[in-house]
Amino acid sequence: MSKRRNRANKTFENVPVVDAGAKGKSVAKTEDGAVIFLKNAVPGDVVDIKTFKKRKSFYEGEATVFHTLSDRRTKPVCKHFGTCGGCKWQHMAYDSQLFFKQKEVVENLTRIGHLDLPEVTPIAGSADQYYYRNKMEFSFSASRWLTLEEIQSDVQIEDKKALGFHIPGMWDKILHLDECHLHPTIGEQIRLSVHAFAEAEHIEYFNPREKTGVLRTLMLRMSSIGETMVVIQFFKEDENARIALLEHLKTSFPQIKSLQYIINEKANDTIYDQEVICYDGRDHIFEEMEGLQFKINAKSFYQTNSQQAYELYKITRDFAGLTGKELVYDLYTGTGTIAQFVAKKAKHVVGIESVPVAIEDAKANAAHNNIDNSTFFAGDMRDVFTADFIAEHGAPDVVITDPPRDGMHKDVVAQLLALAAPRIVYVSCNSATQARDLALLKEQYKVVKYQPVDMFPQTHHVESVVLLEIIK
């Protein structure tokens, strides 16, 4: 063990940071070719590095001295940057964020997928670089994360309550947030008000190790048309505390159209197996896009950047090249937002999704929007998207596929090859698995267009939309 630790703990001096890598880390490279991944540097910096982990082909480390600061740097707007894991790239100028996101997509498609790409289409940046998230989930803690300065100081810290985010990699440590620049102003006002009221009324915060306390999590959902949902998760029923807090929110924030709560006594915070109880208003809020309305409940999946979701869907619809005569399959349809968005330009849309509740939402939204040319099916993609299904519902002219981060199962790819639809639009939140899947399809399909889309400014995440046409 000691020998391994010694190999990991090395010091390198005056090392240039040359690139941005996976998971928001930067890449430094020494003169002798050693590659080091860093969390706290920006491409263009020249730094001294102390490593703490050795992998087969690279180190992981931390920049300890900055000799040269990169021109790509900018001043982070949030006091919690560097401790909170929510915005890993806040110290990088936005045009540089876009540069490295586009670079990642192109490199994955060419190096992993070995694809011949057409002329580059510039990444679609976000008009709003802050305050764009329409869904936030915060955790309460009776014993907040203390900074090194606080631990080393002689000051006795009395108030250890926290309402904020988990420290990355630590399930029981919560960083209290004095500010957050990710979500709209109304969300921040509600979060701060909840914390102030709970402190004033001495409502206990949850302790995940001891399984004590009352307040557990706070979920906020905010739509682009000004509707807000608040869901408070309580660890146990304390009727007086619960009603007091919910009444405070009801009277203080008329923007709240859906005020709900959960009593969750189990070990984890996940709500998908929990009863969500509506205290005031509706059990949902509405999001709107081109006149379409989408009901969003506490458990619904919806893209967390409403404005960029609209841009993403417009690109997807444009790539599909619909004239009103096409049968479209929308694989991994979720709650059917893309399916309904393209329906008015298609003859019919068939949506498939593995989560039954999502399909129920898709059907309800289609009915609400008077869309009568869409049909939705629930089931595992491998089991539903079969030759028999295609024979029953018709061979599509266009396939839109928007799989989870892991990409498509090889059986689904095989079915796409057997189907040989004229066009496939592949939407992905992980261009590495997208490239892997496209490599399997390239014997029959060529890449005609591709478009990176930045859904999450200040983070390393990027969406990629690729149009494939069958090789004739």
Side-chain angles (χ1 to χ4, degrees), residues 97-113 115-127 132 289-290 301-322 326 328-343 345-346 349 351 353 396-408 412-413 416 421-442 445-457 459-470:
Q97 293 182 31
L98 295 178
F99 172 83
F100 286 109
K101 290 184 185 195
Q102 172 139 346
K103 184 171 181 284
E104 176 185 301
V105 171
V106 172
E107 289 186 349
N108 283 339
L109 294 179
T110 54
R111 292 182 180 180
I112 298 174
L115 300 165
D116 294 324
L117 298 180
E119 185 177 347
V120 61
T121 306
I123 185 170
S126 177
Y132 61 82
M289 195 179 291
E290 286 193 356
F301 171 79
Y302 192 82
Q303 292 282 0
T304 51
N305 184 338
S306 298
Q307 185 179 46
Q308 279 299 89
Y310 181 41
E311 298 304 317
L312 180 72
Y313 295 168
K314 284 193 292 185
I315 291 165
T316 302
R317 185 174 62 191
D318 175 63
F319 278 20
L322 303 177
E326 293 83 7
V328 179
Y329 278 19
D330 184 27
L331 310 185
Y332 311 93
T333 190
T335 55
T337 45
I338 290 179
Q340 292 170 64
F341 190 75
V342 304
K345 291 197 172 183
V349 182
E353 168 61 44
D397 304 290
V398 179
V399 174
I400 297 171
T401 181
D402 185 6
R405 290 194 64 80
D406 290 342
M408 298 188 292
V412 177
V413 176
L416 284 173
R423 288 194 298 283
I424 298 175
V425 182
Y426 191 142
V427 184
S428 175
C429 60
N430 184 348
S431 59
T433 55
Q434 181 187 46
R436 178 205 66 201
D437 293 345
L438 295 180
L440 298 174
L441 291 166
K442 72 177 184 178
Y445 287 91
K446 62 180 178 181
V447 177
V448 178
K449 294 181 186 176
Y450 71 99
Q451 173 78 69
V453 181
D454 182 23
M455 298 287 287
F456 305 107
T459 79
H460 63 283
H461 298 289
V462 58
E463 299 271 331
S464 171
V465 188
V466 174
L467 170 61
L468 301 173
E469 289 186 357
I470 199 157

Any residue meeting side chain to side chain donor-acceptor pair (under 3.5 Å) with Y450, in chain and number order, not counting sequence neighbours: none

Distance (rounded to the nearest 0.5 Å) between R436 CZ and M408 CE: 8.5 Å

Of all residues at least two apart in sequence or in a different chain, which pass the side chain to side chain donor-acceptor pair (under 3.5 Å) check with D402? none

What I'd like to find out is whether the side chain of D116 reaches to under 4.5 Å of the side chain of K446, using heavy atoms alone. no

The reported gap from NZ in K314 to CD in Q308 (rounded to nearest 0.5 angstrom) is 9.5 Å

Nearest-0.5 Å distance, CD1 of residue I338 to CZ of residue R317: 11.5 Å

Any side-chain heavy atom of V466 within less than 4.5 Å of one from L109? yes

Report the C-alpha separation of R405 and T433 in whole Å, then their side-chain angles, then the decisive distance to 0.1 Å, and conclude whether the side-chain contact (heavy atoms from CB on, under 4.5 Å) test is met. CA-CA 7 Å; R405 290 194 64 80; T433 55; 5.8 Å; no

How long is the gap from CD1 on I424 to CG on L416, to the nearest 0.5 Å? 4.5 Å

Between C429 and P404 the two heavy atoms that sit nearest each other are SG-C, 4.4 Å

For the side chain of Q451 and the backbone of P122, is there at least one donor-acceptor N/O pair under 3.5 Å apart? yes

Parallel, tilted or perpendicular: rings of Y132 and F456 (30°, 60°): tilted

Measuring only between side-chain heavy atoms, which start at C-beta, is V328 closer than 4.5 Å to V399? no

About how many Å separate CD of E353 and OG1 of T333, when rounded to the nearest 0.5 Å? 7.0 Å

Interatomic distance, S464 atom OG to N108 atom CG [nearest 0.5 angstrom]: 9.0 Å

Do you know which of L312, N430, I123, D454 makes side-chain contact (heavy atoms from CB on, under 4.5 Å) with E463? L312

Quick one: closest heavy-atom pair of L322 and A346, and the distance? CD1-CB, 4.2 Å

Closest non-hydrogen atom pair between E326 and G321, with its separation: OE2-O, 3.9 Å

Checking V465, T316, L331 against I400 for side-chain contact (heavy atoms from CB on, under 4.5 Å), the one that qualifies is T316

Is there a donor in the side chain of E290 and an acceptor in the side chain of Y310, or the other way round, less than 3.5 Å apart? yes

Can you name the closest pair of heavy atoms from Y445 and A421 and give their distance? OH-O, 2.6 Å

Given side-chain contact (heavy atoms from CB on, under 4.5 Å), test K101 with T459 step by step and report yes or no. CA-CA 10 Å; K101 290 184 185 195; T459 79; 4.3 Å; yes

Passes side chain to side chain donor-acceptor pair (under 3.5 Å), T335 versus Y302? Steps please. CA-CA 8 Å; T335 55; Y302 192 82; over 6 Å; no

Considering residues, nucleotides and ligands other than K442, do more than 12 of their heavy atoms fall under 6.0 Å from its NZ? yes

Minimum heavy-atom separation for S431 and V105, please, with both atom names. OG-CA, 3.8 Å

Minimum heavy-atom separation for Q307 to A127, with atom names? OE1-CB, 3.7 Å

